[in-house]
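Quick note: numbers below take in every heavy atom, side chains included, and nothing from hydrogens, waters or symmetry partners. Proteins get letters first, then strands, A, B, ... in listed order; numbering begins at 1 in each.
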Amino acid sequence: MLDHEYTTKEVFQNNFFSDWRKEMTAEERRVIKHLDKCDFTEIHRHFVDRTAARKALSREERQKLKEEAEKLQQEFGYCTLDGHREKIGNFKTEPPGLFRGRGDHPKMGMLKRRVLPEDVTINCSRDSKIPEPPAGHQWKEVRSDNTVTWLASWTENIQNSIKYVMLNPSSKLKGEKDWQKYEVARRLKGVVDEIRSQYRADWKSREMKKRQRAVALYFIDKLALRAGNEKEEGETADTVGCCSLRVEHVQLYPEADGCQHVVELDFLGKDSIRYYNRVPVEKPVYKNLQLFMENKSRGDDLFDRLTTSSLNKHLQDLMDGLTAKVFRTYNASVTLQEQLRALTRAEDSVAAKILSYNRANRAVAILCNHQRATPKTFEKSMQNLQSKIEAKKQQVAEAKAELKKARADHKPGGDDRSKSFLEKRKRLLEKLQEQLVRLSTQATDKEESKQVALGTSKLNYLDPRISVAWCKRFGVPVEKIYNKTQRERFAWALDMAGEDFEF
DNA sequence: ATGGTTACTTAGCAGACAAATA
DNA sequence: TATTTGTCTGCTAAGTAACCAT
């Protein structure tokens, strides 16, 4: 870990040292008193060497390792559920190490304990072949609870939360759940207009609680904010969602960028990813926000009368199964469908259609604020692409000159040889131009995506049936949109969606 | 309401792996 | 064949939201 910036942080060092001291013998505790006097370079070198050794393995050795991993996968990576052999998602317990939270985490550097069989609960049918604990050990418990989906669990010592062994997304169980999730979102489509007019009416309610709920719901709907459950202070990084927004996260501008009633939101959300947005809102929303912020200090809750559970209770009354997160799924999927409709042209090449798909996907990712760090190799690979484009332009120019020459050589009524030569030149130029378009398309796509993570929405928010239908309608092979794993994950949708599927 | 517990989904990243290129 | 580049997978943290007891 010495290479990482977080090891230089005081919180990390203090947490690590205090946990380390707990592991020491009395003698060690007497000798080792200051972290900054400890030299870990020998251990560090050991791991660097080990990584290098792995990298230097021969083809045969690699093959052998691969086979061993495959054997493990076959032995432990599957279970039988309702008579079907299903792949398990995570069949290995997490190894011990130093905890690395995201963002400014108060527990960074703490020692994450090794999980022992004695910590592990097994959940399987009573009449099944119950997994054997490692020799000399026992499971904490073996139970048979068919109301839950997990196969094994243990309690992790950093947050005292339970970790689970569950099925792979390709399993029937997960597929069905995924399908249900999108069905709930589709039901929202039928009532969303009514819900929207209701929360607009509630902006003027006499009850402050209702007003807060209505404004929060507006944010969740319009900006695709997360619900924002309360978190235990000091246990996790300081992040918020809609219901946990504080006064300090909101700025009001009567006028900005030529618009009236502008709200600026600036906060750290899930995974400490910054959400920054300046957006004009309707006047009653603006007025309400002013009211909610009156006589409060920076650290106070914006929606002090609102919790995620009261919000979800209300949503449940509006539609069976409706919760705050359904709005994210709904708005993401609807956006994809709309964008695909707006961007796709039937006469475009497959490459151009894929660009349109990525643009639509990107619109969703931006809505949901799915960000990523610019890839380390971005600048370099962009330069490479640019030089490829330059080279291709050169080729196009040359081909044009050659075509001109061929035209001049082939007079009307000229011989067959010069005619076929001319045709050849034409085809060559066309091919090169196509390649050039494809390359610049790629460059645009790359630049526009450098800080946007497309995968998260693709996997979790976009009803795959929308994509499958689009592929069928426009003759795009589905493998261009979903790789093998993704096709397995969305097998249910590939089966289900025809070209006229509508979300 | 409130807080604790539990089960599940959603999230970004690092390293492994595979394909492309020199 | 060796090296570079791009994609995929595994990992595990961090959310949502239900349930239950008080």
ask   = B:dG12 phosphate, OP1 or OP2: any side-chain N/O from A:Q371 under 4.0 angstrom?
value = no
key: Phosphate-side-chain proximity, A:K174 and B:dT9, N/O vs OP1/OP2 below 4.0 Å   = yes
inquiry  = Need one value for A:T149: base, sugar-phosphate or nothing, where a base atom within 4.0 Å counts as base even if backbone is also close, heavy atoms only.
reply    = sugar-phosphate
message = Applying a 4.0 Å non-hydrogen cut-off, can you work out what A:R102 is touching in the nucleic acid: base, sugar-phosphate, or nothing?
response = base
request  = Please tell me which of A:R100 and A:G321 maps to the more 5' nucleotide of DNA chain C, matching each residue to the nucleotide holding its nearest heavy atom.
outcome  = A:R100
key: Any A:L336 side-chain heavy atom under 4.5 Å of A:S467 side chain   = yes
First of A:T377 and A:T236 reached from the 5' end of DNA chain C, by closest nucleotide = A:T377
query = Quick one: is C:dA14 close enough that its OP1 or OP2 comes under 4.0 Å of any side-chain N or O from A:R226?
reply = no
request  = Classify the nucleic acid contact of A:K458 as base, sugar-phosphate or nothing, counting any heavy atom under 4.0 Å across all strands shown.
outcome  = nothing
inquiry  = Taking any heavy-atom pair under 4.0 Å as a contact, classify A:G241: base, sugar-phosphate, or nothing.
reply    = nothing
query = Does the side chain of A:N312 get closer than 4.0 angstrom to OP1 or OP2 of C:dA17 through an N or O atom?
reply = yes
query = Can you find a side chain N or O atom of A:H370 that sits less than 4.0 Å from OP1 or OP2 on B:dA11?
reply = yes
ask   = Going by an N to O cut-off under 4.0 Å, is there a salt bridge joining A:E67 and A:K71?
value = no
task = Just call it for A:P169: base, sugar-phosphate, or nothing, with non-hydrogen atoms closer than 4.0 Å on any strand.
result = nothing
ask   = For A:N483 and C:dC8, is the shortest distance between a side-chain N/O and OP1 or OP2 below 4.0 Å?
value = yes
query = Is the backbone N or O of A:S161 less than 3.5 Å from a side-chain atom of A:E156, with the two atoms forming a donor-acceptor pair by type?
reply = yes
inquiry  = By the 4.0 Å heavy-atom rule, please label A:K484 as base, sugar-phosphate, or nothing.
reply    = nothing
ask   = Is the distance from OP1 or OP2 of B:dA7 to the nearest side-chain N or O of A:K163 less than 4.0 Å?
value = no
task = Answer yes or no: does a side-chain N or O of A:N229 lie under 4.0 Å from OP1 or OP2 of C:dT16?
result = yes
request  = By nearest nucleotide on DNA chain B, pick out whichever of A:H4 and A:K270 is the more 5' one.
outcome  = A:K270
ask   = Is any side-chain nitrogen or oxygen of A:R328 closer than 4.0 Å to OP1 or OP2 of C:dA17?
value = no
ask   = Are A:K209 and A:E207 ion-paired here, with the side-chain N under 4.0 Å from a carboxylate O?
value = no
key: side-chain N/O A:T323 vs C:dA17 OP1/OP2, d < 4.0 Å   = yes
query = Hey, does A:G455 reach any base, or is it just sugar-phosphate, or nothing, if we go heavy atoms under 4.0 Å?
reply = nothing
query = Is A:K325 near enough to B:dT10 that one of its side-chain N or O atoms lies under 4.0 angstrom from OP1 or OP2?
reply = yes
request  = Could you state the atom-to-atom distance from CD of A:Q316 to C1' of C:dC19 in whole Å?
outcome  = 13 Å
key: Pair A:D82-A:K172, salt bridge (Lys or Arg N to Asp or Glu O under 4.0 Å): steps then yes or no   = CA-CA 10 Å; A:D82 297 341; A:K172 188 160 169 263; 5.6 Å; no
query = What does A:A237 touch in the nucleic acid at a heavy-atom separation under 4.0 angstrom: a base, only the sugar-phosphate, or nothing?
reply = nothing
task = Please say which of A:D317, A:I195, A:N312, A:V192 ends up in a side chain to side chain contact (heavy atoms under 4.5 Å, CB included) with A:L322.
result = A:I195
message = Students often get this wrong, so: under 4.0 angstrom with heavy atoms, is A:K112 touching a base, only sugar-phosphate, or nothing?
response = sugar-phosphate
key: Integer-rounded Å distance: C:dG6 P and A:L454 CG   = 16 Å
message = For A:K376 and A:R62, find the nucleotide of DNA chain B closest to each by heavy atoms; which residue's nucleotide sits nearer the 5' end?
response = A:K376
inquiry  = Does a side-chain N or O of A:S153 approach OP1 or OP2 of B:dT6 to a distance below 4.0 Å, or not?
reply    = no
request  = Using a 4.0 Å heavy-atom cut-off across all strands, classify A:K313 as base, sugar-phosphate, or nothing.
outcome  = nothing
query = According to a strict under-4.0 Å criterion, is A:K231 in side-chain N/O contact with OP1 or OP2 of C:dA13?
reply = no
request  = Would you tell me if any nitrogen or oxygen in the side chain of A:T239 comes within less than 4.0 Å of OP1 or OP2 on C:dG15?
outcome  = yes
inquiry  = For A:Y6 and A:H4, take the angle between the two ring planes, folded into 0 to 90°, and tell me which bin it lands in: parallel under 30, tilted 30 to 60, perpendicular over 60.
reply    = parallel
